[in-house]
Amino acid sequence: DNADFSRVQIFIDPSQVLQMQAQGHEIASHTRTHPSLPNIQASQMQDEINLSKSDLVGMGITNVKALVYPYGDYSPAVESTAQTAGYIGARSVDRGFNDKATNKFELKTQQMGNTVTLDEVKAFIDTAYQNKTWLTLMFHQVDNSGLPLAMTPELFQQVVNDIASKNMPVVTLEQGISQM
């Protein structure tokens, strides 16, 4: 059963996704067609969540354990459907930090984009370190497009260098959830 990707703009192909997995990247589910999950019929929501996972597994992706909500949109029904589908947690776009009390299906993030400065990112990192919380940085795209959700490769590298200089652990969603 092949997914209908006719309505989806694909930026990378399956071989690239498999290569990313082989290099240690976690591949999370993000639905089939990127709808706002709380705003569609329950049966369509179930298909989006369940079939996205099965599409990835059919492609050869292993351990699809986390869901990233399109647009960050979720509701109790979406959370329940994700949990029933076998996901161990899901990330929203709600701003903040995560700790052991955070709902695993309402994980918070700090969104990176074209207006974020290195000092702001360092402040997020330092806050997480000082408060012993889990910081999820969301890099939607890394390029020189100047689009609102784009971060330049140079700034991205500076963020990576800052994290590395502090010997901070970097974990996947699955690893972070398992420590909660």
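Because only heavy atoms are used, hydrogens play no part in the values below, and waters and symmetry mates are left out as well, while side chains stay in.
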Note: Ala128 and Leu135 closest approach over all heavy atoms is CB-CB, 3.6 Å
Passing candidate, side-chain contact (heavy atoms from CB on, under 4.5 Å) with Glu26, options Val64, Asn63, Thr172: Thr172
Check whether the side chains of Asn131 and Thr133 place a donor and an acceptor atom closer than 3.5 Å, and report yes or no. no
More than 12 non-hydrogen atoms from neighbouring residues, nucleotides or ligands closer than 6.0 Å to NE2 on His140, yes or no? no
If you measure from OG1 on Thr33 to CG on Leu51, what distance do you get to the nearest 0.5 Å? 10.5 Å
Could you give the distance from CD (Gln158) to CE (Met151), rounded to the nearest 0.5 Å? 9.0 Å
Are Ile177 and Glu174 side-chain neighbours, meaning at least one heavy-atom pair lies under 4.5 Å? no
Note, Leu137 side chain near Thr109 side chain (heavy atom, < 4.5 Å): no
Would you call Lys104 and Ile88 a side-chain contact if the rule is heavy atoms closer than 4.5 Å? no
Does Ser80 offer a backbone N or O that forms a donor-acceptor pair with the side chain of Thr84 under 3.5 Å? yes
Examine the side chains of Asn161 and Gln157 and answer whether a donor and an acceptor come within less than 3.5 Å of each other. yes
Heavy-atom closest pair (Ala85 atom, Asn50 atom, distance to 0.1 Å) is CB-OD1, 2.9 Å
Non-hydrogen side-chain atoms of Gln110 and Met138 separated by less than 4.5 Å: no
Could you tell me which non-hydrogen atom of Gln21 sits nearest to which non-hydrogen atom of Gly60, and how far apart they are? NE2-O, 3.5 Å
Evaluate the side-chain proximity of Phe139 to Leu149: yes if any heavy-atom separation is below 4.5 Å, no if none is. no
Less than 4.5 Å apart, any side-chain heavy atom of Leu67 and any of Ile49? yes
Decide yes or no on side-chain contact (heavy atoms from CB on, under 4.5 Å) for Asp162 and Val121, but give the supporting numbers first. CA-CA 9 Å; Asp162 184 64; Val121 180; over 6 Å; no
Identify the two heavy atoms, one from Val78 and one from Tyr69, that lie closest to each other, and give their separation to 0.1 Å. CG1-CE2, 3.5 Å
Given the rule that I, L, V, M, F, W and Y join up when any side-chain heavy atoms are under 4.5 Å apart, are Met20 and Val170 in one cluster? no
Just checking Gln23: does its CD atom have more than 12 heavy atoms from other residues, nucleotides or ligands closer to it than 6.0 angstrom? yes
Are Val171 and Ile163 co-members of a hydrophobic cluster defined by side-chain heavy atoms under 4.5 Å apart? no
What are the two closest heavy atoms between Ser145 and Ala150, and how far apart are they? OG-CB, 3.4 Å
Polar side chain donor-acceptor pair, Ser52 to Ser29, under 3.5 angstrom: yes
Kindly indicate whether the side chain of Asp73, heavy atoms from C-beta on, has any atom under 4.5 Å from the side chain of Leu37. no
Look at the side-chain heavy atoms of Ile, Leu, Val, Met, Phe, Trp and Tyr, link any pair under 4.5 Å apart, and say whether Leu107 and Ile125 land in one connected group. no
Give the cluster check for Val142 versus Val160: same hydrophobic cluster or not, with ILVMFWY residues linked at side-chain heavy-atom distances below 4.5 Å. yes
Are Val68 and Val93 joined in one hydrophobic group, where the rule is that I, L, V, M, F, W and Y side chains link up if heavy atoms are under 4.5 Å apart? no
So OG1 of Thr81 and CD of Gln46: to nearest 0.5 Å the spacing works out to 5.5 Å
Show the nearest heavy-atom pair for residues Lys108 and Phe97, with the distance to one decimal. CD-O, 3.7 Å
Do the side chain of Gln16 and the main chain of Asp13 share a donor and acceptor less than 3.5 angstrom apart? yes
With no hydrogens and no angle check, just 3.5 Å: does a side-chain donor-acceptor pair link Asn39 and Tyr71? no
Quick one: do the Thr117 and Asp119 side chains pair a donor with an acceptor below 3.5 Å? no
Do Tyr74 and Arg91 touch side chain to side chain, with heavy atoms closer than 4.5 Å? no
Flag this pair as yes if the NZ/CZ of Lys166 is under 6.0 angstrom from the six-membered ring centre of Tyr129 and inside a 45 degree cone about the axis; otherwise no. no
Charged N to carboxylate O below 4.0 Å: is that the case for Arg32 and Glu48? no
Measure the spacing between OG of Ser92 and CG of Asn103 and express it to the nearest 0.5 Å. 9.5 Å
Just verifying a value: how many Å separate Tyr87 OH and Lys65 NZ, rounded to the nearest 0.5 Å? 12.5 Å
